[in-house]
Number of protein chains: 2
Amino acid sequence: MDTQELKKAGLKATLPRLRILEILEGSHERHLSAEDVYKALIDIGEDVGLATIYRVLTQFEAAGLVQRHHFNGAHAVFEVRAECHHDHMVRVDTGEVIEFADEDIERRQRQIVDEHGYVLEAHSLVLYVRPKPGSPNAAD
Amino acid sequence: MDTQELKKAGLKATLPRLRILEILEGSHERHLSAEDVYKALIDIGEDVGLATIYRVLTQFEAAGLVQRHHFNGAHAVFEVRAECHHDHMVRVDTGEVIEFADEDIERRQRQIVDEHGYVLEAHSLVLYVRPKPGSPNAAD
DNA sequence: ATGAATGCAAAAACTTTGCATGACG
DNA sequence: CGTCATGCAAAGTTTTTGCATTCAT
């Protein structure tokens, strides 16, 4: 039950918060904008204000339940925090988001930052890609 | 003369474009927002509209003269395109931007993308850092 | 001269906030 | 029941656009 998850995060288990969490966890597309969540809720007949969505998503982010990304400069997208860290590829032709993890890059990042006299707080890596001709991806 | 640079890029050498290019090239801080450029122009008594700054920066980007970054979700910053590619570190305490280049990461990125059946079109890597205690940076 | 560029102001897109009402514990 | 959350609408930010005027070639 998501109720426990919310309480564990120090948040009251209100209906809007439960609904928003359900959408984020249940969606096939893991990366949703506030507007996406809003539309999904309207679709299932839940009447939640857009302002609430923004407020709740910000709280979820602060509580570590979700992560906020800015794949394109415009609007933010949110994804439920995965167990294991990963970065993202974005197809420039379709906008599809593909997750990947690579310990080599992670390690090298920490090393570079350390060499400069800093500590790595967070990072954002997005690879913008297009299908390689002849690859199975070219079909989509 | 920047006039040549603009014409070579296929852009008419208008006064606003020349001024904006001068600001970008002459600024100590290499990463400027549209607002930053606007204020810098006002400061030197040049009366250029903010809308023009946005239009010109977008043209510069299309022409390959500048690169657009989104270090924070809010506003975009622009930098004159450097001869050699590099990525960025952003100090979370001061907002200072530090440039770095690492061929290991670049190579690994291309490899990962290739393994997934894609071609790397572009990428964005930002490391958010804080000074390492005891390092010379901690002082600033 | 002629088409493109500019400036202004209005609009657009995304997100945040104020305040009265309603819900959780 | 007290407090925090919600909804609505209004305001805030950043960026874009329409249109008459001005400028570069």
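Below, chains carry the letters A, B, ... as their sequence lines are ordered, and counting in each starts from 1. Worth saying up front: this structure is predicted, and the values here are computed from it rather than measured.
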- [ ] Would you please say whether a donor-acceptor pair under 3.5 Å links the side chains of A:N137 and B:H116?
- [x] no
Task: Terminal helix-axis angle for the helix from C:dA1-D:dT25 to C:dG25-D:dC1, with five pairs defining each axis and rounding to 10 degrees - done: 40°
Open item on the list: Does B:A13 reach a base, just sugar-phosphate, or nothing at all? Heavy atoms under 4.0 Å.
Closed with: sugar-phosphate
Task: Contact summary for A:R17 and A:F60, nearest pair of heavy atoms - done: O-CZ, 3.7 Å
Open item on the list: By the 4.0 Å heavy-atom rule, please label A:A34 as base, sugar-phosphate, or nothing.
Closed with: nothing
Task: d(CG, B:L18; C1', C:dA5) in whole Å - done: 13 Å
Open item on the list: Quick check for you: to the nearest 0.5 Å, what is the distance between A:I112 atom CD1 and B:M89 atom CE?
Closed with: 6.5 Å
Open item on the list: What I want to check is whether the side chains of A:E35 and A:H75 have a donor and an acceptor closer together than 3.5 Å.
Closed with: no
TODO: Please figure out whether A:L15 or A:L50 has its closest DNA chain C nucleotide nearer the 5' end.
DONE: A:L50
Task: Rounded interatomic separation in angstrom, taking CG from A:D47 and P from C:dG22 - done: 15 Å
Task: Which nucleotide in C:dG7, C:dC24, C:dG25 has an atom nearest any side-chain atom of A:K7 - done: C:dG25
Open item on the list: From C-beta outward on B:K12, which listed nucleotide comes closest to its side chain: C:dT16, D:dA24, D:dG7?
Closed with: D:dA24
Open item on the list: Rounded to whole Å, please give me the gap between OH in B:Y54 and C1' in C:dT6.
Closed with: 17 Å
TODO: Starting at atom CZ of A:F78, determine the distance to atom C1' of C:dT15, rounded to an integer number of angstrom.
DONE: 10 Å
Task: Interatomic distance where CZ belongs to A:R55 and P belongs to D:dG12 [whole Å] - done: 17 Å
TODO: Answer yes or no: is there an ion pair linking B:E22 with B:R19, defined by an N-O contact shorter than 4.0 Å?
DONE: yes
Task: Pairwise side-chain contact, A:N72 with A:V90, heavy-atom cut-off 4.5 Å (strictly under) - done: no
TODO: Classify the nucleic acid contact of B:R17 as base, sugar-phosphate or nothing, counting any heavy atom under 4.0 Å across all strands shown.
DONE: sugar-phosphate
Task: Whole-Å distance separating the CG atom of A:N72 from the P atom of C:dA13 - done: 14 Å
